[in-house]
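Shown next, in structure tokens, is the structure this report addresses.
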Amino acid sequence: MITNIKDLEQYEGKTVRLQGWVANKRTGKGLVFLVLRDGSGYCQCVVSEEQVSNETFETAKRATQESSLQLSGAVIKDERQVGGYEIQVQEINILQETVDYPISNKEHGVDFLIENRHLWLRSRKQWAIMRIRNSVKYAIYTFFHERGFIQIDSPIFTGNAAEGTTTLFETDYYGQPAYLAQTGQLYGEAAAMAHGKVYTFGPTFRAEKSKTRRHLSEFWMIEPEMAFYDLDMDMDLIEDFIRYIVTDTYKNCKQELEILERDTALFENIGKKFPRITYDEAVQILRGERDVNGKNSIETLRDDLNEIAQRIGDIKEEISTREATIQQAGVKAGVKNFNQAKVDNLKNELRDLEEKQRNIPQWIDSALNFTHGDDFGGSDETVITRLFNTPIMVYKWPAAIKAFYMKRDEQDSEYVKGVDCLAPEGFGEIVGGSQREEDIDLLLARIKEHQLPEEVFNWYIDLRRYGSVPHSGFGLGFERLIMWLTNVPHIRETIPFPRYYGRLFP
RNA sequence: UCCUCCUUAGCUCAGUUGGUUAGAGCAUCUGACUGUUAAUCAGAGGGUCGUUGGUUCAAGUCCAACAGGGGGAGCCA
């Protein structure tokens, strides 16, 4: 019988049989340490020359990184180990000896790793990220199921370019043009009129030639839609939803978050009420005209700049000291190499800092000169959310920069009842939502204003023709959410096989 | 589409104002070491410096074009 590594605690002191792959190997005299992974976890397996046959010991020495094997041995409790247990090996049987596995335990560049994504998924951090992705997906289903929502699938082939703004993938659909869906929202609205509360959760496609760490061509979206919900109810739901996901992840993915070295401040602050501010207030905060918790956006940025300049000075000094050491006559090879490695690392850090040093003045400039009525850019969102330690809700947006289906504010018709939820620590937008326009005449007027083809929206307009009700919803980018929770630097790491501009394989 | 940076060993990167035979760490192989956590130490092998053209006595280094990639803007989740 085969045991999973995650279940080892049930077998302390007993002999078990494991199967998996060699994640890492270290050797000592008369000893081989194999770190085995089996998909469920990691476990160090010790092969001692004194305790096994010569044949078994030779086999252990032959086991290279990523070789597949089966082994049996006794389960020993050992607090020092990652899973808390290790195996005293008795027998090993190699299934396949791996030669020249491309990914080592040392650092690699993003491009190389993406090229080897099919193998990279085996790595520890990637393993943790995919498990969190799975856990969050399950939590999303649970959250909505517990609240009486029905999960509804929207089509992937659509005939209309929904909001008319973004570039879509065009394809041939039995001789007529069709587009890969960029949102399921309009279909969600139709389903909400059938079920009351629904949500879609599926892949969406954008053909923008974006090359940034926040964009994918194919990504997953969660889009709830609720009949008889106004904007306030929508915001309440967003807040409950985000808090539920974050809390659930903290509770169920402890080991994974540890592997990823995720700062836990987010999880400790998530119980606090999310501040709700209007777009106008957000603009004041951005321009530095209004402080948040005693912090001013512009001053914070200037402090950052000073700190960076300070650090750059320190690094340059350390580099010249170490280089002087290397230059000295009669320096031992070990000392020389050690210092050279330090210098290389420092130079890398220096490059990152100098990039920031170039960027921050632009951020300050963008913040100070922000024009009321514009949409926030990436840096603006960073500047605002840096001042908060919980997600924030920005609502009441200028109508001109939002989609045609958003309902106008009754008191202030230049604004719409839309909301963006921005994640803290500088992360930026994760949710965009709104109350929808339910009046058929107003909706028709908006479609005209936005110069959208009315014919393709006929079915959508029907929803206002027959029993129209106030309703609201929001959209959440699944990968953005995972990126925020795991704090990985690049969205490409949050999906098993990323698709983005220029990338179709593996 | 625009701005910016990069391309040197299997991987990550040094390589100064152009100047002898191209440098390191990791990985691989050999050896040393009773317990390592990305182990460490000693040694060995491993290169058409992205491609093409130009300047020069001499090009990894300077210039041009092209290709590939990173980051960002726009757009967005």
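Order of the sequence lines fixes the chain letters, A, B, ..., with proteins taken first and strands second; residue numbering starts at 1 for each chain.
Looking at the side chain of A:Arg214, the nearest of the listed nucleotides B:G70, B:U34, B:A73 is B:A73. Which of B:G72, B:G70, B:C75 sits closest to the side chain of A:Arg213 comes down to B:G72. Out of B:U36, B:G69, B:G72, the shortest distance to the side chain of A:Asp111 is found at B:G69. When each of B:G70, B:C76, B:A73 is scored by its nearest atom to the side-chain atoms of A:Lys211, the top-ranked nucleotide is B:G70. In the set B:U12, B:G72, B:U37, B:U37 carries the atom at the smallest distance from any side-chain atom of A:Gln44. Of the candidates B:C76, B:G35, B:G74, the closest approach to any side-chain atom of A:Phe33 belongs to B:G35. Of all nucleotides listed (B:G74, B:G71, B:A39), B:A39 comes nearest to the side chain of A:Asn24.
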Both atom distances under 3.5 Å, Watson-Crick or G-U wobble: I'd like the secondary structure of RNA chain B as a dot-bracket string, with | for pairs made across strands.
(((((((..((((.....[...)))).(((((.......))))).....(((((..]....))))))))))))....

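Rounded to whole Å, the separation between the C1' atoms of B:U21 and B:C2 comes to 45 Å. Atom name P, nucleotides B:U48 and B:G60: the rounded distance is 13 Å, in whole Å. As rounded to the nearest Å, B:G54 and B:C41 have C1' atoms that lie 49 Å from one another. Separation of the C1' atoms belonging to B:C75 and B:A59 is 43 Å when rounded to the nearest angstrom. B:C6 and B:C49 have their C1' atoms separated by 14 Å, given to the nearest Å. Between B:U56 and B:A73, the distance separating the two P atoms is 44 Å to the nearest Å. For the P atoms, the distance from B:A14 to B:U7 is 7 Å, rounded to whole Å. The C1' atoms of B:U8 and B:A22 are separated by 9 Å, rounded to the nearest whole Å.
At most 12 heavy atoms of other shown residues, nucleotides or ligands fall within 6.0 angstrom of atom CH2 in A:Trp363. More than 12 heavy atoms of other shown residues, nucleotides or ligands fall within 6.0 angstrom of atom CD in A:Glu97. Other residues, nucleotides and ligands contribute more than 12 heavy atoms inside 6.0 Å of the CG atom of A:Asn369.
Rounded to whole angstrom, the span from the CZ atom of A:Phe112 across to the C1' atom of B:G50 amounts to 17 Å. Rounded to an integer number of Å, the gap from A:Leu36 CG to B:U37 P is 19 Å. Remark: C1' of B:C75 and CG of A:Asp374 are 14 Å apart, rounded to the nearest angstrom. Between the CD atom of A:Gln362 and the P atom of B:U4 there is a distance of 12 Å, rounded to whole Å.
A donor-acceptor contact under 3.5 angstrom links the side-chain atoms of A:Gln88 to the base of B:G35. In terms of polar N and O atoms assigned as donor or acceptor, the side chain of A:Glu49 never comes within less than 3.5 Å of the base of B:U34 in a complementary pairing. With hydrogens and angles ignored, a donor-acceptor pair closer than 3.5 Å exists between the side chain of A:Glu86 and the base of B:G35.
Of the N and O atoms on the side chains of A:Glu189 and A:Tyr460, at least one donor lies less than 3.5 Å from an acceptor on the other residue.
A:Phe205 does not carry A:Arg499 over the face of its six-membered ring by the limits of under 6.0 Å from the centre and within 45° of the normal.
Mapping A:Glu479 and A:Gln65 onto RNA chain B via the closest heavy atom, the residue that lands nearer the 5' end is A:Gln65. Heavy-atom nearest nucleotides on RNA chain B were determined for A:Gly432 and for A:Gly502, and the one closer to the 5' end corresponds to A:Gly502.
A sub-4.0 Å separation between OP1 or OP2 of B:G71 and a side-chain N or O of A:His490 is present. Within the structure, every side-chain polar atom (N or O) of A:Arg26 is placed at least 4.0 Å from both OP1 and OP2 of B:A38. The phosphate of B:G71 has OP1 or OP2 within less than 4.0 Å of a side-chain N or O from A:Arg492. In this structure, A:Arg503 does not reach the B:G68 phosphate: none of its side-chain N or O atoms is under 4.0 Å from OP1 or OP2.
The list of ring pair (Phe, Tyr, Trp, His ring centres under 6.0 Å) pairs with a residue in residues 485-506 of chain A, not counting sequence neighbours, is empty.
Aromatic ring pairs are classed by plane angle as parallel below 30°, tilted from 30° to 60° and perpendicular above 60°; the pair A:Phe144 and A:Phe149 is tilted.
With A:Cys421 as the fixed residue, the side chain to side chain contact (heavy atoms under 4.5 Å, CB included) test singles out one of A:Met393, A:Arg276, A:Glu429: A:Met393.
Base engagement by A:Asp78 is indicated by at least one non-hydrogen atom pair under 4.0 Å involving a base atom.
A donor-acceptor contact shorter than 3.5 Å links the side chain of A:Glu239 to the backbone of A:Phe274.
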